[in-house]
Asker: 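Structure incoming, see below.
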Amino acid sequence: MAATILITGTTGLIGFRILLAALAAGHRVRYTVRSEEKAQKVSSNPAVQKLAPGDRLSPVIIPDFTADGAFDSALQGVTHVIHAGSPVPVPTYDPVTEVFEPTVKISSGLLASALKAPSLQRVIITSSIVANLGLIPPPTTVSASTRVPLPSPIPTAFSSVFEAYVQSKIVEMHNSDEFVKTQNPHFTVSHVVPGYTFGWNELMLDPVMMQTQNSSNNFLMMGITGGQLPMPIHGGYGHIDDVADLHLRVAFLDPSAGGPRDFGLATKLDYTTLFDYVEKAFPKAVAEGIFKRGVIPTLPVEYDSSDAVKLLGRPIKSFENAVVDVASQYLELLGKEKA
Ligand SMILES: NC(=O)c1ccc[n+]([C@@H]2O[C@H](COP(=O)([O-])OP(=O)(O)OC[C@H]3O[C@@H](n4cnc5c(N)ncnc54)[C@H](OP(=O)(O)O)[C@@H]3O)[C@@H](O)[C@H]2O)c1
């Protein structure tokens, strides 16, 4: 049977790139969005149009992903699910209702619906390295198979959006492990666990969006346009091209081959190098003041990405590569020369 992949989160950085990669690889793609307007945003995007997907691409509108049985009908006939539709810790979000609850509920609801979809072979859930690191990164090396103890009791209030995000990813991972153990599903479940993900984001159609609606790339944009981030962010990174490719490779792994179930990609980096790459690649734009050195403090992490790198089977893309891609997209949207 030809693969039909259901992808969530396609109005976001990671989900959208997975959608492009899946279409480029020739798969049929069904994508879930919260409104007709968001479906339009995806299907009318120039990068999607360029791939001329025709009837290989179809939207499913689910206004509330947390509703009971929300994914029941969307999953019928689907062979693979890639679930990247979950919140990132935006400072203005409510920690409970806009971060913790949707992260945990959408994933468990999706898995419950998946039990009713006989065609399903594999579910991939996008997690984050914070699920393996916990609230304070340990000095020891962790990997995608590391489990932070489940908080007890499960928290219902949080001191910050970031704390809610970390706890939600920890609880989600435990819940999914438990689901596999207790439900013995007819499909396999894996997590893809990226560090901060950076790179060209085809959803960004103007320079303002590049700085405000660009998920983790917002931080990178701060670092190259003179911004100052008040808190450090994890120094573990994945290029968007590699992160998207990894999702698809994990989706099509032969489950009978054994090996790890979860795959994390977070190469060690120090954000102080960020602007050096921009100065090297775009000296004219730096001289014109389009790019200015910002401050992004680094929270050091030790993360073992070797399983993911092995699965990708090729050199992974450097942080410099991601910085140049983002800066290059910004110049392109400003209508400025790149030389
Ligand atoms: N970007 C990173 O550096 C990074 C690193 C590690 C892990 N991740 C994980 O990767 C996933 C995607 O991140 P991203 O960077 O692509 O984020 P993003 O650009 O902010 O996109 C988030 C996506 O999730 C959807 N979403 C958020 N809250 C939702 C809710 N309550 N109900 C339904 N859909 C919801 C959004 O849909 P709407 O448009 O409808 O809001 C959007 O499609 C998340 O699980 C995130 O934790 C990201």
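Scope of the values below: all heavy atoms of this structure, side chains included, with no hydrogens, waters or symmetry mates. When a ligand or atom number is given, it counts from 1 through the structure's own listing order. Residues: numbered from 1 along the sequence shown.
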Asker: Are the side chain of Tyr303 and the backbone N or O of Ala144 linked by a donor-acceptor pair below 3.5 Å?
Answerer: yes

Asker: Out of all atoms in ligand 1, which are within 4.0 Å of some heavy atom of Lys169? Include the element for each.
Answerer: 44 (C), 45 (O), 46 (C), 47 (O)

Asker: For the CD atom on Gln49, are there more than 12 heavy atoms of other groups (residues, nucleotides or ligands in this structure) within a distance under 6.0 Å?
Answerer: yes

Asker: Tell me the protein heavy atom at minimum distance from atom 6 (C) of ligand 1, and give that distance in Å.
Answerer: Pro194 O, 3.2 Å

Asker: Check whether any side-chain N or O of Ser190 sits under 3.5 Å from a backbone N or O of Arg261 as a donor-acceptor pair, and report yes or no.
Answerer: yes

Asker: For Pro102, which part has a heavy atom under 4.0 Å from ligand 1: side chain, backbone, both, or neither?
Answerer: side chain

Asker: Students should be able to answer this: which protein heavy-atom is nearest to atom 10 (O) of ligand 1, and at what distance?
Answerer: Thr126 CG2, 3.3 Å

Asker: Look at ligand 1 and say whether Leu203 reaches it with a heavy atom at a distance under 4.0 Å.
Answerer: no

Asker: Same hydrophobic cluster for Ile82 and Ile240, using side-chain heavy-atom links shorter than 4.5 Å among ILVMFWY?
Answerer: yes

Asker: How far is atom 11 (C) of ligand 1 from the closest protein heavy atom, and which atom is that?
Answerer: Ala84 O, 3.4 Å

Asker: Keeping His191 on the side-chain end and Ser128 on the backbone end, is there a donor-acceptor pair under 3.5 Å?
Answerer: no

Asker: Would the distance check show the side chain of Ser119 and the main-chain N or O of Val78 forming a donor-acceptor pair, the cut-off being under 3.5 Å?
Answerer: yes

Asker: To the nearest 0.5 angstrom, please state how far the OG1 atom of Thr103 sits from the NZ atom of Lys169.
Answerer: 5.0 Å

Asker: Number the atoms of ligand 1 from 1 as they appear, then name those within less than 4.0 Å of a heavy atom of Tyr196, with their elements.
Answerer: 3 (O)

Asker: With only distance considered, is Leu13 within less than 3.5 Å of ligand 1 through an N or O on each side?
Answerer: yes

Asker: Looking at atom 7 (C) of ligand 1, what's its closest protein heavy atom, distance included?
Answerer: Ser127 O, 3.0 Å

Asker: Under 4.0 Å from a heavy atom of Ile106: give me the atoms of ligand 1 that qualify, with their elements.
Answerer: 30 (C), 32 (N), 33 (C)

Asker: Gly195 near ligand 1, heavy-atom distance under 4.0 Å?
Answerer: yes

Asker: What atoms in ligand 1 come closer than 4.0 Å to a heavy atom of Tyr165?
Answerer: 7 (C), 8 (N), 46 (C), 47 (O)

Asker: Please work out whether any backbone atom (N, CA, C, O) or any side-chain heavy atom from C-beta onward of Thr103 is under 4.0 Å from ligand 1, and answer side chain, backbone, both or neither.
Answerer: neither

Asker: Measure the spacing between CZ of Arg30 and OG1 of Thr79 and express it to the nearest 0.5 Å.
Answerer: 9.5 Å

Asker: Could you identify the single nearest non-hydrogen protein atom to atom 13 (O) of ligand 1 and state the distance to 0.1 Å?
Answerer: Val88 CG1, 3.7 Å

Asker: Among all protein heavy atoms, pick the one closest to atom 36 (C) of ligand 1 and tell me residue, atom and distance.
Answerer: Thr11 OG1, 3.8 Å

Asker: Check each of Gly264, Ser215, Gly12 against atom 15 (O) of ligand 1 and report the one with the nearest heavy atom.
Answerer: Ser215

Asker: I need the nearest protein heavy-atom contact for atom 1 (N) of ligand 1: residue, atom name and distance, please.
Answerer: Ser216 OG, 2.8 Å

Asker: What residue and heavy atom of the protein are closest to atom 44 (C) of ligand 1, and at what distance?
Answerer: Ser86 O, 3.4 Å

Asker: Does the side chain of Leu115 come within less than 4.5 Å of Gln183's, by heavy atoms?
Answerer: yes

Asker: Give a yes or no answer on whether the side chain of Gln167 reaches the backbone of Pro151 with a donor-acceptor pair at less than 3.5 Å.
Answerer: no

Asker: If you take the nearest heavy atom of each of Lys38, Glu101, Gln213, His234, which one is closest to atom 38 (P) of ligand 1?
Answerer: Lys38

Asker: Just to be sure I'm reading this right: ignoring hydrogens, which of Lys105, Glu37, Arg34, Glu172 gets closest to atom 41 (O) of ligand 1? Compare them by their nearest heavy atoms.
Answerer: Arg34

Asker: Is the closest heavy atom of Glu98 to ligand 1 under 4.0 Å?
Answerer: no

Asker: Ile14 versus ligand 1: do any nitrogen or oxygen atoms come within less than 3.5 Å of each other?
Answerer: yes

Asker: Indicate the ring-plane relationship of Tyr237 and His239, choosing parallel, tilted or perpendicular according to the 30° and 60° boundaries.
Answerer: perpendicular

Asker: Using distance alone, decide if ligand 1 has a nitrogen or oxygen within less than 3.5 Å of any nitrogen or oxygen in Gly9.
Answerer: yes

Asker: Should the ring pair Phe282 and Phe291 be called parallel, tilted or perpendicular, given that the plane angle runs from 0 to 90° and is split at 30 and 60?
Answerer: tilted

Asker: Heavy atoms only, cut-off 4.0 Å: how does Phe198 contact ligand 1, side chain, backbone, both, or neither?
Answerer: neither

Asker: Once you measure the plane-to-plane angle for Tyr277 and Phe319, does it fall in the parallel (<30°), tilted (30-60°) or perpendicular (>60°) bin?
Answerer: perpendicular

Asker: Is there a side-chain contact between Leu23 and Pro53 in this structure, where contact means two heavy atoms from C-beta onward sitting under 4.5 Å apart?
Answerer: yes

